[in-house]
2 protein chains.
Amino acid sequence: MENATINLDARARTLLRTLIESYIRDGQPVGSRTLARTSGLSVSAATVRNVMADLEDMGLIHSPHTSAGRIPTPAGYRLFVDSLLEVRSPSPEDIRAIQSGFAPNASTQDLMDTTSNLLSRVTRMAGMVRLPRHRNVALSQIEFLRLGEGRILAILVIDGKEVQNRVLELERDFSQDELQRMANYLNAHLAGKSLHAVRAELLREMRDVREDLDAMMLAAIDLGEKAVGDEDPDDVVVAGQTHLLGYEELADMARLRQLLEAFNEKQEILGILDQCICGDRVQIFIGRESGLDWFENCSVVTAPYSVDGEVVGVLGVIGPTRMSYDRVIPIVDVTARLLGSALGDHPVDDSK
Amino acid sequence: MENATINLDARARTLLRTLIESYIRDGQPVGSRTLARTSGLSVSAATVRNVMADLEDMGLIHSPHTSAGRIPTPAGYRLFVDSLLEVRSPSPEDIRAIQSGFAPNASTQDLMDTTSNLLSRVTRMAGMVRLPRHRNVALSQIEFLRLGEGRILAILVIDGKEVQNRVLELERDFSQDELQRMANYLNAHLAGKSLHAVRAELLREMRDVREDLDAMMLAAIDLGEKAVGDEDPDDVVVAGQTHLLGYEELADMARLRQLLEAFNEKQEILGILDQCICGDRVQIFIGRESGLDWFENCSVVTAPYSVDGEVVGVLGVIGPTRMSYDRVIPIVDVTARLLGSALGDHPVDDSK
DNA sequence: GTCAGCGCTCCACTCGGTCGAGTGCTTAAA
DNA sequence: TTTAAGCACTCGACCGAGTGGAGCGCTGAC
C-alpha cells in the first residue's frame with residue numbers, strides 16, 4: 001500500500017534523506033537548524049521544523065526526548081533504503097580488496113570462508129555466507145565402506161573435487177564385496193548425472209521397477225537412496241562477529257550476548273538468510289523486521305548469488321541499523337556476483 | 001625461589017586468604033575493618049592495616065586509589081591458588097550436571113563438543129577442549145579413490161568408527177585398479193595396528209626394503225606414508241565465549257574484542273593449552289602469566305585428560321581472574337577425568 | 001505556504017557540599 | 001617489639017542547585 005509514503009513532496013523527501021544521512025554519519029540526533037543549513041534547500045529552520053513535525057506524525061522520525069534533534073525510526077530507514085538512497089558504485093579500493101581476496105581454484109569451503117572474511121573486513125561488520133544448495137552438480141562417484149556390523153560409510157564425490165561422508169546404520173549387514181558390487185552398479189548408472197537427477201532416478205526406480213531386479217540391485221538402489229537422500233546439512237559461514245563489539249549503539253551487553261549467541265547457534269541466522277533467497281537483488285532487513293527481537297538496532301544486507309543463472313545461495317552482512325547503506329549495498333552486491341562467478345568456472349574437470 | 005612468600009606468618013596468610021575470598025565473592029575492594037571482622041582472628045583493624053601494608057610492600061595486594069580497600073594483585077592470586085586455597089570437592093549438582101552430559105557411545109567429535117559446552121555451562125565461563133592427539137588408536141582400514149588427474153582421496157577409518165579424508169596431490173597418476181591393489185596391500189599389512197605403529201612401519205619399510213619390492217608395493221608404501229604421514233590438524237573446541245560478556249571486569253570493549261578474536265583464531269588458545277599438556281594435574285594461568293597481554297584480568301584453569309594412563313589432551317576454562325577457584329578447579333578436574341574415561345571405553349569393537 | 005520570534009522543555013555539565021569508607025601516622029599500653 | 005586506639009586526611013560516591021545550549025511548538029505577520 002505505502003499510502004503514507006507516497007504523499008511526501010520533494011522537499012520532505014530531501015529533508016528526510018539529509019536527516020538520515022547526517023545521522024548515519026554522526027550518530028547524533030539532528031535538529032532543525034543544522035538540517036536547514038545542510039539540506040541545500042533555501043528554507044528556514046522554522047519551516048524545517050514544520051516538515052519534521054509531519055514526518056514525525058508519519059512515524060518516520062522521532063526525538064529521543066523533548067528538545068533533542070530527531071533520529072530516524074525503522075520505518076524511516078525503510079523508506080530511505082527503498083526510495084531515497086542513492087547507491088554509490090563501490091569505491092575502487094573496495095573492489096580491489098574484494099577481487100584480490102578470491103583465490104582461483106579454491107575449494108567451495110575455502111571460497112565460503114574467504115568470502116565471509118572479506119565481507120566482514122571490508123564492511124567492518126559481521127559477514128555471512130549461506131553455503132550453496134546443491135544445484136545441478138554432478139555426482140562423480142559413489143563408494144561404500146563397511147565399518148562394522150550394519151554400519152556403512154558412504155562416500156560421495158561431487159564435481160570431481162568435493163567429498164562427502166555419510167555413515168549409514170542399516171538393519172542387515174553387507175560384506176565389503178557386496179558393497180563393492182552395489183557401488184559399481186550405482187556408478188555405472190548414475191555417475192555424471194546431477195545430484196538432483198540421481199535422487200529422482202533412484203526414487204523412480206524404487207517405485208517402478210521393484211520386481212524386475214534381483215535382490216542385489218534392489219539393495220543397491222535402497223542404499224544409494226539412503227546415501228544421497230538426506231539433504232546435506234544446511235550451513236552458514238560467519239566471520240567478523242567481533243566487529244559488532246565496536247558499535248556503541250549495540251553496547252548493551254545483554255543484547256550483544258544474544259547476538260553473538262545467535263551467531264554461534266547459526267539457526268536464526270539461517271532463518272534470516274533463507275528469507276532472502278527469493279528475490280534476485282540486494283535485500284535489506286531493518287531492525288525487528290525479521291521478527292527476532294534481539295535484532296533491535298541491527299540491520300541485515302543480503303544478496304543472492306547464482307551460478308549459471310541459477311540462484312544457489314545467499315550472502316550478506318549484519319551490522320548496526322545506523323550503517324552506511326550507500327557503501328555497504330554495492331559491496332554486498334559485487335561480492336555476490338564475484339562469488340557466483342568464482343563458483344561458476346569449474347576448474348578441474350574430470351579428464352574423461 | 002619464592003623467598004618473599006615463605007616468610008609470611010600464619011596471621012598474614014589468613015588475612016590474605018580472607019581478603020581474596022572476600023574480593024572474589026563481592027568484587028569490592030576490602031578494607032581493614034571488614035577484614036578484621038571477617039577473618040576470624042581477634043585483632044583490631046589497626047593491626048590488620050599494618051599487615052596489609054606489609055602485604056602491599058610484597059606486591060600481593062594494592063589499592064586502586066588512596067582510601068579504597070585493597071584488591072589482590074596477580075602475584076597475590078598466584079600465592080592464593082598455590083598455597084592458600086582450600087579446594088572444595090565439587091558440589092553434587094555440579095557432578096550430576098557433568099555426568100549426565102556425557103552420552104555413551106558418542107563419537108570423538110561429539111564428545112569434544114559436549115564437553116566444552118558442559119564446561120562453559122557449569123562454570124558460566126568459556127570452556128575449551130584440546131582434541132586428543134592420536135594416541136594408539138587402531139587403523140581399521142585405508143582406502144583410495146581416484147578423483148582426477150593425479151588427485152587421490154585417501155580415506156582412513158580409525159577405531160572402526162572415525163573417518164578421516166585427505167586429498168593427496170601426486171605427480172604420477174594411478175588407475176583406480178592400481179589404487180585398489182595398493183589399498184589391499186596396505187590393509188593386509190597394517191590394519192589393526194596403531195596409527196603410530198603404522199607410521200613407524202611405513203618409514204622403516206621405505207628405508208630398509210626399497211629394492212626388494214616391486215614398483216607397486218613401493219608406490220603403495222609411499223602413498224600410505226603420505227596419507228598417514230601428515231599429522232592431522234591440531235584443533236581445539238571452544239564454547240560459551242559469550243559468557244565472558246557478562247563480567248564487568250572484562251567490560252573494556254577493545255580487550256573483549258581481542259579476547260573473542262583469539263577464540264575465533266584458536267591459535268593462541270592452542271598455544272596456551274599446549275603449555276599445560278605437561279604436568280598431570282590442574283594448572284592455572286593468571287593474567288599475563290601466559291605472555292599474552294590481552295589476557296589481562298583473565299585466568300585459565302586447565303587439566304590434562306588421559307586414556308589408558310596416557311595423557312592425550314587438555315581441557316579447561318577461561319574466565320575472569322576474579323573467579324571462584326575453589327569451585328572451578330574441581331569442576332575442571334572431574335570433567336577431565338570423566339572425559340578420559342568416556343574416551344577410554346571403546347564402545348563398538350569391530351566384529352572380527 | 002513561509003518564516004521570524006518567543007517561550008518553553010529538557011539534557012548535559014559544573015560546582016559545592018556532605019557522607020562514608022579507609023588509610024597512614026602517632027602514641028601509648030602490654 | 002608487638003598490638004591497639006585515636007586522629008587527621010584523602011578520595012570517591014552521591015545529591016541538589018544552577019547554568020547554558022540545543023531544539024521544539026506555537027503564533028502571527030507577510
Side-chain angles (χ1 to χ4, degrees), chain A residues 7-16 18-73 76 248-249 251, chain B residues 7-16 18-73 76 248-249 251:
Chain A
N7 47 21
L8 275 184
D9 59 4
R11 193 176 60 181
R13 294 163 66 88
T14 305
L15 286 175
L16 180 59
T18 317
L19 185 148
I20 296 184
E21 281 169 357
S22 165
Y23 179 68
I24 285 178
R25 195 177 340 102
D26 307 330
Q28 298 296 326
V30 13
S32 52
R33 193 193 330 269
T34 44
L35 193 50
R37 265 202 304 270
T38 58
S39 69
L41 271 42
S42 50
V43 293
S44 77
T47 308
V48 170
R49 279 201 286 276
N50 289 329
V51 178
M52 285 167 95
D54 294 345
L55 293 175
E56 183 152 19
D57 286 344
M58 292 186 231
L60 299 173
I61 58 178
H62 85 285
S63 9
H65 55 83
T66 353
S67 139
R70 305 303 221 290
I71 62 178
T73 61
E248 70 270 20
E249 55 260 57
Chain B
N7 48 21
L8 275 184
D9 60 3
R11 193 177 58 180
R13 295 163 66 88
T14 304
L15 287 174
L16 180 59
T18 316
L19 186 147
I20 296 183
E21 283 169 355
S22 165
Y23 179 69
I24 286 178
R25 195 177 343 102
D26 306 330
Q28 299 296 326
V30 14
S32 52
R33 192 191 332 266
T34 45
L35 194 51
R37 266 202 303 269
T38 59
S39 70
L41 271 44
S42 50
V43 292
S44 78
T47 308
V48 170
R49 279 200 286 278
N50 290 329
V51 178
M52 284 166 95
D54 294 345
L55 292 175
E56 183 152 18
D57 286 344
M58 292 187 230
L60 299 174
I61 56 179
H62 86 285
S63 4
H65 56 81
T66 353
S67 138
R70 307 303 222 289
I71 63 178
T73 61
E248 70 270 20
E249 57 258 58

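In what follows, chains carry the letters A, B, and so on, assigned in the order in which the sequence lines appear, proteins first and then strands, with residues in each chain numbered from 1. Here the structure is a predicted model, which means the values were calculated and not measured.
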Student: Can you measure from CG (B:Leu15) to CG (B:Asp9) and round to the nearest 0.5 angstrom?
Tutor: 8.5 Å
Student: Which of residues 40-47 of chain A have a heavy atom under 4.0 Å from DNA chain C?
Tutor: A:Ser42, A:Val43, A:Ser44, A:Ala46, A:Thr47
Student: Just how far is it from atom CG of A:Leu55 to atom OG1 of A:Thr73, taken to the nearest 0.5 Å?
Tutor: 9.5 Å
Student: Name the pairs: protein N/O against N/O of nucleotides 18-25 of chain D, kept only if under 3.5 Å.
Tutor:
| residue | atom | partner | partner atom | Å |
| --- | --- | --- | --- | --- |
| D:dA22 | N3 | A:Ser67 | OG | 3.1 |
| D:dG23 | O3' | A:Ala68 | O | 3.3 |
| D:dC24 | OP1 | A:Arg70 | NH1 | 3.0 |
| D:dC24 | OP2 | A:Ser32 | N | 3.0 |
| D:dC24 | OP2 | A:Ser32 | OG | 2.6 |
| D:dC24 | O5' | A:Arg70 | NH1 | 3.2 |
| D:dG25 | OP1 | A:Arg70 | NH2 | 3.1 |
| D:dG25 | N7 | A:Arg49 | NE | 3.4 |
| D:dG25 | O6 | A:Arg49 | NH2 | 3.4 |

Student: A:Ala36 and A:Val43: which non-hydrogen atoms are nearest, and at how many Å?
Tutor: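 A:Ala36 and A:Val43 have their closest heavy atoms at CB-O, 3.8 Å.
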Student: Would you list the pairs meeting side-chain hydrogen bond (donor to acceptor under 3.5 Å, both in side chains) in which at least one residue belongs to residues 29-39 of chain B, sequence neighbours left out?
Tutor: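 Every side-chain hydrogen bond (donor to acceptor under 3.5 Å, both in side chains) pair that includes a residue of residues 29-39 of chain B, provided the two are not neighbours, is B:Ser32-B:Arg49.
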Student: So, taking the atom named CG in B:Leu41 and the one named OG1 in B:Thr18, what distance separates them when rounded to the nearest 0.5 Å?
Tutor: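 Reported to 0.5 Å precision, the distance equals 7.5 Å.
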Student: Please tabulate, one pair per line, all N/O donor-acceptor pairs under 3.5 Å involving side-chain atoms of residues 62-71 of chain B, not counting sequence neighbours.
Tutor:
| residue | atom | partner | partner atom | Å |
| --- | --- | --- | --- | --- |
| B:Arg70 | NE | B:Glu56 | OE1 | 2.8 |
| B:Arg70 | NH2 | B:Glu56 | OE1 | 2.7 |

Student: Closest heavy-atom contact between A:Pro72 and A:Ile20?
Tutor: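 Of all heavy-atom pairs spanning A:Pro72 and A:Ile20, the closest is CG-CG1, 3.7 Å.
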Student: Going 5' to 3' along DNA chain C, which nucleotides are the first and last within contact of chain A (any atom under 4.0 Å from a heavy atom)?
Tutor: C:dT2 to C:dC11
Student: Just grab all the salt bridge (charged side-chain N to carboxylate O under 4.0 Å, His left out) pairs involving residues 21-32 of chain A, residues at least two apart or on different chains.
Tutor: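 Sorted pair list: A:Arg17-A:Glu21.
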Student: Taking all heavy atoms of A:Ile61 and all of A:Leu19, pick out the closest pair and write down the distance.
Tutor: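 Minimum heavy-atom separation between A:Ile61 and A:Leu19: CG2-CD2, 4.1 Å.
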Student: Please give me the minimum heavy-atom distance between B:Val30 and B:Met52, naming the atom from each residue.
Tutor: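 Looks like O-CE, 3.6 Å.
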